[in-house]
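Below is one structure, written out as structure tokens; comments come after it.
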Amino acid sequence: MDLSVIIPCYNEQECLPMLFDRATAVFGAAGLDYELVFVNDGSKDRTWPLIEEFCASERAPHVRAVDFSRNFGKEPALLAGLEHAGGDVVGIMDADLQQEPETLLAMYRELLAHPEADCVAAFQSTRHEGKLQAALKGQFYRTFKAAADGCGDMIPGASDFRVFRRDVAEALLSMPEYFRFSKGLFAWVGFETIPFAYEPAERAGGTSKWSLRKLMAYALDGIFAFSTVPLKLATVVGGISSIAAVVYFFVVLWDTFGLHNTPHGYPTVVCLLLLFGGLLLLTLGIIGEYLARIYLEGKHRPVYIARRTLSAEGAELRRGGFERNRPNFGHRAR
Ligand code: UDP
Ligand code: MG
């Protein structure tokens with residue numbers, strides 16, 4: 001198998017038929033032995049029946065499909081896709097045709113043209129989003145790059161629209177964490193990555209599945225999953241404020257016994273209470289974020305539960321089971 005294309009889908013009934021037409025036409029014309037790996041992330045619309053039709057269709061040589069028991073999110077969907085992808089080269093593409101199959105094919109050819117490279121990562125040459133969103137995203141990449149342990153080489157703006165060799169896929173699968181942040185995982189596993197500029201198209205239909213709130217939570221997840229700097233920050237801020245408090249204690253002593261000014265201290269007391277109360281809560285909050293993650297990781301829950309998996313011929317491979325994301329991927333039955 002030359003190429004596996006992973007497509008996470010969440011309520012994409014408007015886009016999927018067009019996507020299937022385009023993808024089969026483009027990859028078919030290229031003469032590739034390819035497979036499409038659809039992951040239905042708990043869609044509430046006709047996404048799954050459509051995917052079942054694709055599995056039964058003659059138009060694609062190989063189609064695999066995983067159906068989640070509920071909406072787990074795009075990251076778990078990508079993991080499921082990786083676990084089921086069997087190609088020598090693996091690609092990831094959104095279902096809404098913003099990332100076009102033609103671009104993915106060009107990226108695949110770019111990878112083949114560079115035997116020394118392991119991954120081709122697309123980044124948007126021009127961004128079609130609001131100023132606020134663009135500024136927030138830019139700030140996120142800078143913060144992440146500065147704070148994340150072992151992720152210094154992250155290409156700013158690189159998405160998970162990528163094509164990579166099997167080695168990279170296996171490396172990603174070897175990471176058993178529950179909080180998955182693909183951009184960080186790709187940077188962490190390393191390998192030789194070629195940037196590839198692309199122009200995202202308009203969504204073929206439906207609406208974006210990301211709200212600003214979801215994006216903010218995703219960004220924080222990314223930073224907390226890859227960095228301990230916020231914890232250190234808490235220690236530094238706590239240390240500085242403690243020193244300031246000790247210094248201020250002597251100022252108060254001087255005020256009381258030297259200048260006999262004591263009754264006038266009320267505003268100062270209130271200000272300090274608020275300041276240190278705030279700092280304490282901030283520090284506790286940061287520690288709490290990590291503690292919650294340790295707690296959740298410690299449960300060793302599977303990253304997703306699949307209701308069923310379909311193979312190319314439309315036969316049901318498994319029902320009621322679920323893949324457990326364990327680092328024993330080398331022994332997985334394909
Ligand atoms: N997606 C998913 N699960 C989710 C949210 C999104 O599988 O909970 C998929 C979605 O179907 C699409 C891709 O992730 O294929 C990117 O989502 P979207 O196009 O909404 O994001 P945007 O392009 O606006 O960043
Ligand atoms: Mg999109």
Side-chain angles (χ1 to χ4, degrees), residues 4-23 36-51 54 63-85 90-104 121-130 132-134 136-138 140-141 156-163 178-183 185-186 198-219 221-222 303-307 309 323:
S4 299
V5 183
I6 299 171
I7 306 163
C9 312
Y10 179 48
N11 296 339
E12 299 286 7
Q13 61 179 12
E14 291 89 357
C15 305
L16 276 181
M18 265 181 279
L19 171 90
F20 191 65
D21 290 346
R22 282 269 290 280
L36 301 176
V37 184
F38 289 97
V39 183
N40 176 31
D41 185 12
S43 303
K44 299 210 165 47
D45 62 359
R46 291 199 62 253
T47 296
W48 179 252
L50 282 171
I51 294 174
F54 301 158
V63 181
R64 278 175 176 271
V66 184
D67 186 26
F68 281 4
S69 59
R70 66 169 169 87
N71 180 238
F72 280 88
K74 187 179 174 185
E75 293 290 344
L78 292 183
L79 174 70
L82 281 174
E83 281 176 342
H84 289 85
V90 181
I92 298 176
M93 184 168 78
D94 283 357
D96 56 6
L97 283 173
Q98 279 191 296
Q99 307 175 339
E100 293 165 292
E102 292 83 353
T103 317
L104 193 118
F123 67 91
Q124 299 183 18
S125 42
T126 44
R127 289 199 163 264
H128 298 275
E129 49 200 14
L132 175 72
Q133 205 170 351
L136 284 177
K137 279 191 182 168
F140 167 74
Y141 282 112
S159 57
D160 33 32
F161 184 23
R162 280 166 192 260
V163 171
Y178 183 82
F179 284 97
R180 303 188 73 82
F181 180 65
S182 288
K183 294 177 178 70
L185 294 178
F186 274 112
Y198 87 108
E199 185 78 22
E202 285 297 315
R203 220 173 199 289
T207 50
S208 173
K209 310 295 179 282
W210 294 95
S211 58
L212 191 62
R213 194 180 66 85
K214 246 180 144 177
L215 267 179
M216 291 294 261
Y218 183 63
D221 264 351
V303 176
Y304 66 87
I305 307 278
R307 193 157 34 193
T309 10
E323 295 287 328

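When a ligand or atom number is given, it counts from 1 through the structure's own listing order.
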Heavy atoms, side chains only, cut-off 4.5 Å: are P8 and D41 in contact?
-> no
If you scan protein heavy atoms around atom 20 (O) of ligand 1, the nearest is K209 N, 2.5 Å
Say you draw a straight line from CD1 of I51 to CZ of R46; how long is it, rounded to the nearest 0.5 Å?
-> 11.5 Å
How about F54 and F38: are their ring centroids closer than 6.0 Å?
-> yes
Could you tell me if any non-hydrogen atom of K214 lies under 4.0 Å from any atom of ligand 1?
-> yes
Just let me know how E12 lines up against ligand 1, side chain, backbone, both or neither, with a heavy-atom cut-off below 4.0 Å.
-> side chain
At under 4.0 Å between heavy atoms, which part of N71 makes contact with ligand 1: side chain, backbone, both or neither?
-> side chain
So which heavy atom on E100 is nearest to which on E199, and how close?
-> OE1-O, 4.3 Å
Taking atom 23 (O) of ligand 1 as the reference point, the nearest protein heavy atom with its distance = Q98 OE1, 2.8 Å
the protein heavy atom lying closest to atom 21 (O) of ligand 1 turns out to be W210 CD1, 2.9 Å
Angle subtended at the Mg ion (ligand 2) by D96 OD2 and Q98 OE1, rounded to 10 degrees | 100°
Side chain, backbone, both or neither: D94 near ligand 1, heavy atoms under 4.0 Å | both
Of all the atoms in ligand 1, which lie at a distance below 4.0 Å from a heavy atom belonging to D41?
-> 2 (C), 3 (N), 4 (C), 7 (O), 8 (O)
In plain terms, say whether K74 and D94 are close enough for a salt bridge, that is, a side-chain N and a carboxylate O under 4.0 Å apart.
-> yes
Backbone, side chain, both or neither: what part of C9 comes under 4.0 angstrom of ligand 1, heavy atoms only?
-> backbone
State which residues pass side chain to side chain donor-acceptor pair (under 3.5 Å) with Q98; sequence neighbours excluded, sorted by chain then number.
-> none
Which atoms of ligand 1 have any heavy atom of P8 under 4.0 Å away?
-> 7 (O), 9 (C), 10 (C), 11 (O), 12 (C), 15 (O)
Is A77 close to ligand 1, meaning an N/O of one under 3.5 Å from an N/O of the other?
-> no
D96 heavy atoms within 4.0 Å reach ligand 1 at atoms 19 (O), 23 (O)
Hey, mind stepping through F161 and F123 against ring-ring contact (aromatic ring centres under 6.0 Å, His included) and telling me if it holds?
-> CA-CA 8 Å; F161 184 23; F123 67 91; over 10 Å; no
